[in-house]
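Treat the numbers as computed from the prediction; the structure is a model and nothing was measured. Just so we're on the same page: letters track the sequence lines, and every chain starts at 1. Values reported hereafter were calculated over all heavy atoms of this structure, with side chains retained and with hydrogens, waters and symmetry mates removed.
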Amino acid sequence: MYQTSIDDFLEIEEFQQDLISWFLRVQRELPWRQNPTPYQVWVSEIMLQQTRVDTVIPYYDRFMQKYPNPEALAAAEEEDVLKTWEGLGYYSRARNLQTAVREVVSEYNGKVPDNAKELGQLKGVGPYTKGAILSIAYQQPEPAVDGNVMRVISRIRKVEEDIAKPKARKIIEGIVSDMISAEDPSSFNQGLMELGALICKPKNPLCDECPVQAHCRAYKEDLQEMLPIKSRKKSQRTEKYVALLIRDENHRILVQKRPEKGLLANLWQFPMIPMDKANTTDELVQWFGDQYGITIDVHKHLTDIKHVFSHIIWNLDVYSATSTGGCLQEGKGEFLSAEELQQLPFPVSHQKIARLI
DNA sequence: AAACCGGGGTC
DNA sequence: GACCCAGGTTT
């Protein structure tokens with residue numbers, strides 16, 4: 001159904017020319033587009049996963065200044081890398097990137113692999129990032145199918161598969177493989193993504209300005225608003241916590257490092273107590289003493305924080321407190337000065353608490 | 001195949 | 001609020 005016949009070759013060649021010439025004319029000037037090294041392409045593609053261009057730009061500039069090459073990133077402390085990534089989200093991207101870069105330095109003499117097999121085995125490099133590096137950095141005709149490309153191709157070729165399902169990506173990859181330019185796969189792939197970002201938008205696509213309107217089956221049948229078809233994911237669960245800003249007699253503040261797996265792995269936070277463990281202040285003090293080994297005085301309510309993740313909603317009820325006795329149990333955190341806190345990576349929700357200090 | 005994993009912009 | 005964003009990993 002989506003297969004390309006010999007009769008389509010001419011049509012595809014016109015599509016390639018229309019897309020590429022448009023891209024070369026209107027493309028945005030982005031920091032990772034100025035004669036990029038494979039490492040620069042790699043870093044930018046990881047940062048751009050599920051993240052808008054405008055959000056990434058300042059992070060990319062700072063990251064490249066601190067870690068200009070694989071050797072610099074490989075040698076860095078993980079905590080410093082996370083601090084540089086702070087606020088960008090999906091923190092496993094940063095940890096996987098460093099793991100993979102260390103492998104490139106030790107196994108490939110610091111040269112980013114230029115083949116699908118080795119690239120695909122690197123941590124955090126999936127089908128999209130692999131294709132992006134091969135096409136953009138090495139000019140190989142490999143598909144790089146992201147959310148933009150799924151939407152653009154599903155409209156151009158009237159693909160009615162549910163793009164929320166893994167099967168759809170395989171179909172789109174097959175279509176792109178048949179259409180991609182052998183002369184300039186970099187501009188072809190980037191052109192598809194640029195088209196999705198600037199013209200072929202999810203809502204109210206600007207079909208009047210589209211360089212490949214003549215090739216679009218959805219436009220021909222006035223289906224552009226109906227495609228792509230995407231099933232909606234279920235809504236988030238809500239989790240309620242009390243978060244505590246606890247000071248000791250030296251005005252240092254209790255913080256703890258989160259576990260190395262799961263949500264916000266290896267980031268730092270202020271102590272959080274699940275609301276169902278402590279309905280009253282007395283229960284809260286009791287529970288905290290049991291878990292942490294120290295006695296606290298809970299003072300005033302500081303603020304409420306609502307934080308939305310992709311799959312959870314946090315409601316944080318923030319109180320100030322002082323520690324009045326006892327001995328902090330091993331591994332339950334440490335009291336640090338305000339200056340020391342600034343060196344540590346915190347999730348955005350807890351940065352809002354830190355601002356209250 | 002479905003769930004997990006952040007944070008911010010848009011409509 | 002719902003959806004989306006230059007996705008990947010784990011279960």
Side-chain angles (χ1 to χ4, degrees), chain A residues 23 27-28 30-33 36 40-60 82 85-97 99-100 119-133 135-137 143-152 162-170 172-173 176 186 188-198 200-205 225 228 230-237 258-259 261-267 305-314 345-352:
Chain A
F23 172 71
Q27 65 169 311
R28 295 165 288 181
L30 301 173
W32 48 87
R33 279 186 176 163
Q40 289 173 314
V41 172
W42 185 7
V43 171
S44 69
E45 292 302 341
I46 298 296
M47 286 189 170
L48 287 162
Q49 289 171 9
Q50 300 292 288
T51 312
R52 289 189 147 69
V53 165
D54 292 339
T55 304
V56 166
I57 290 173
Y59 282 92
Y60 176 84
L82 287 174
W85 207 272
E86 182 183 68
L88 196 52
Y90 285 130
Y91 298 93
S92 65
R93 290 184 296 174
R95 304 199 307 141
N96 289 340
L97 175 60
T99 299
L119 267 181
Q121 287 174 358
L122 295 172
K123 267 286 189 205
V125 179
Y128 164 75
T129 306
K130 181 175 60 181
I133 293 173
S135 61
I136 298 172
V145 176
D146 70 339
N148 285 313
V149 175
M150 299 250 270
R151 183 175 60 258
V152 169
D162 181 356
I163 65 163
K165 307 223 179 284
K167 183 183 172 190
R169 206 202 77 233
K170 305 290 281 185
I172 303 288
E173 275 181 354
V176 173
S186 169
F188 184 90
N189 279 343
Q190 292 191 78
L192 285 179
M193 293 187 265
E194 199 83 341
L195 190 63
L198 301 180
C200 196
K201 300 189 289 186
K203 290 180 179 175
N204 308 319
E225 303 274 7
K230 184 173 188 177
S231 57
R232 51 177 289 231
K233 59 182 196 294
K234 64 173 188 177
S235 58
Q236 306 99 319
R237 67 177 180 274
R258 292 180 60 86
K261 285 186 178 295
L263 184 67
L264 302 169
N266 281 359
L267 270 67
I305 293 172
K306 178 183 180 180
H307 193 81
V308 179
F309 298 94
S310 50
H311 58 302
I312 305 170
I313 297 174
W314 269 4
F346 284 83
V348 167
S349 52
H350 283 250
Q351 290 177 42
K352 291 173 184 168

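Comparing the P positions of C/dA6 and B/dC11 gives an interatomic distance of 13 Å, to the nearest angstrom. Nucleotides C/dG8 and B/dG8, compared at atom P, are 22 Å apart to the nearest Å.
Each of A/Lys167 and A/Val348 lies near DNA chain B, and the nucleotide nearest A/Lys167 is the one positioned closer to the 5' end. Position along DNA chain B of the nearest nucleotide to A/Leu263 versus A/Pro166 favours A/Pro166 as the more 5'-ward residue.
Nucleotides of DNA chain B with any atom under 4.0 Å from a heavy atom of chain A span, from 5' to 3', B/dA1 to B/dG8. Reading DNA chain C from its 5' end, the first and the last nucleotide to sit under 4.0 Å from a heavy atom of chain A are C/dG1 to C/dT10.
Contacts of A/Phe309 with the nucleic acid, taken as non-hydrogen atoms under 4.0 Å apart, involve only primed sugar atoms and P, OP1 or OP2. Heavy atoms of A/Val149 sit nowhere under 4.0 angstrom from any nucleic acid atom. Backbone-only engagement by A/Gly87 is indicated by non-hydrogen atom pairs under 4.0 Å involving sugar-phosphate atoms exclusively. Counting non-hydrogen atoms under 4.0 angstrom, A/Lys230 reaches the backbone sugars and phosphates but no base. In this structure, A/Ile46 reaches neither bases nor backbone, as no heavy-atom distance under 4.0 Å exists between it and the strands shown. A/Ser310 comes within 4.0 angstrom of a base, heavy atoms only.
Shown here are the side-chain contact (heavy atoms from CB on, under 4.5 Å) partners of A/Ala164, two or more places apart in sequence or in another chain: A/Asp162, A/Lys230, A/Ser231. Evaluation of the side-chain contact (heavy atoms from CB on, under 4.5 Å) rule for A/Ser92 yields A/Asn96 as partners, not counting sequence neighbours. Applying the ring-ring contact (aromatic ring centres under 6.0 Å, His included) rule to A/Phe346 yields the partners A/Phe270; only residues at least two apart in sequence or on another chain are considered. Applying the side-chain contact (heavy atoms from CB on, under 4.5 Å) test to A/Pro228 and every residue at least two apart in sequence or in another chain returns A/Arg151, A/Ser154, A/Arg155, A/Ile163. Considering only residues two or more places apart in sequence or on other chains, A/Arg169 meets the salt bridge (Lys or Arg N to Asp or Glu O under 4.0 Å) condition with A/Glu173. Checked against salt bridge (Lys or Arg N to Asp or Glu O under 4.0 Å), A/Lys167 has the following partners two or more places apart in sequence or in another chain: A/Glu161. Shown here are the salt bridge (Lys or Arg N to Asp or Glu O under 4.0 Å) partners of A/Arg28, two or more places apart in sequence or in another chain: A/Glu194.
Considering every non-hydrogen atom in both A/Leu82 and A/Ala94, the closest pair reads CD2-CB, 4.3 Å.
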